[in-house]
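Quantities reported herein were computed from a predicted structural model and do not represent experimental measurements. Just so it is clear: chains get the letters A, B, ... in the order the sequence lines come, proteins before strands, and each one is counted from 1.
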Amino acid sequence: MALPIPDLASDQVSTLKRTFDHLVSSWKSDRGLIVSIEKMAMHPSYQQIIAMGPRVVPLLLAELEREPDHWFWALHVLTGVDPVPEEDSGNILKMARAWKEWGRQQGYEW
Amino acid sequence: MSGSASLEDCFPGLKGFKGITWWERSAPTWAYNCFAFALGRTDVWYSPKPGYYWPRGIPKGQHVKNLVLLHEKEGFALCDDGLLEEGVEKIALYADGQECTHVALQAKDGKWWSKCAQDHDIEHESLDVLVGEQFGTIAHFMKRARKLA
């Protein structure tokens, strides 16, 4: 079930975006070269992004569009869904495309 | 990859020897990881986690014994070392404890190829340069007959 899209005041959106961007940058610079998706997702910055809650879903979708990366764990935890067809499993571009398509269908904007 | 730590930051053994004992072979990409690359694939990221590619019949988990099984199903068998043998393709499995962290593929000339997570794939003369905090130690060698090009 899709979660409702939060309605935030513009200053809250700016703060949210700044915090999100900082955590994304921290995660990318600090995660090293690990192959484990679990270890990537357990990184403190990644966990803090998840802890920000469903309001970061459009930001994650925008990040997938800017530079596809392993945000799928976070999106799955925050939304409870997995829109990626089995035949596309592991294909990062197709996984990103499936999530963005799902986001548009849910009415997210980014 | 925006903001990522450099290879030399992650592997001190590489520092200062770029172009001497190791070389970048491709641009960084998140499209595939070392598990895929060692099996000739550049279109998927292998992971036992939901949503990612993991071969059917292989227990889900990155325990090194699962990666041994995965490669056995691809025709590899455990062997004693990474020394170059005519007509033989070898891989080296790295592990941190019991978790497989990396697979390096031996090229025809005996050098090694490694796809370093989301970063470059590199060619390196020694397997030891990747031993350390990121990848742990070399846990196993495996080999199979080298496929004809």
| Does Lys65(B) NZ have over 12 foreign heavy atoms under 6.0 Å away? | no
| query | CG of Asp109(B): more than 12 outside heavy atoms within 6.0 angstrom? | reply | yes
Any non-hydrogen side-chain atom of [X] less than 4.5 Å from a side-chain atom of [Y]?
| X | Y | value |
| --- | --- | --- |
| Trp45(B) | His70(A) | yes |
| Pro50(B) | His76(A) | no |
| Asp69(A) | Gln118(B) | no |
| Tyr52(B) | Val84(A) | no |
| Ile34(A) | Thr101(B) | no |
| Tyr46(B) | Val35(A) | no |

In one Ile/Leu/Val/Met/Phe/Trp/Tyr side-chain cluster, 4.5 Å: [X], [Y]:
| X | Y | value |
| --- | --- | --- |
| Trp23(B) | Val129(B) | no |
| Leu84(B) | Phe141(B) | no |
| Leu93(B) | Leu83(B) | no |
| Phe76(B) | Val88(B) | no |

Between [X] and chain B, with a heavy-atom cut-off of 4.5 Å, which part of the residue counts as in contact: side chain, backbone, both or neither?
| X | value |
| --- | --- |
| Lys39(A) | side chain |
| Asp82(A) | side chain |
| Trp73(A) | side chain |

| remark: Assert top hit (heavy-atom pairs under 4.5 Å, partner chain B, pool Ile37(A), Val24(A), Asn91(A)) equals Ile37(A)
| Contact part of Phe11(B) toward chain A, heavy-atom cut-off under 4.5 Å: side chain, backbone, both or neither? | side chain
| field | Residue Ser47(B) versus chain A: region with a heavy atom under 4.5 Å | value | side chain
| How many angstroms lie between atom CG of Leu33(A) and atom SG of Cys10(B), to the nearest 0.5 angstrom? | 4.0 Å
| Spatial distance of atom CG (Leu93(A)) from atom OG1 (Thr29(B)) [nearest 0.5 Å] | 8.0 Å
| query | So which of Gln134(B), Glu133(B), His102(B), Lys115(B) has the largest heavy-atom pair count under 4.5 angstrom toward chain A? | reply | Gln134(B)
| request: Looking only at non-hydrogen atoms, find the nearest pair between Gly51(B) and Met95(A) and report the distance. | output: O-CE, 3.1 Å
| query | Is the shortest side-chain N to carboxylate O distance from Glu86(A) to Arg56(B) below 4.0 Å? | reply | yes
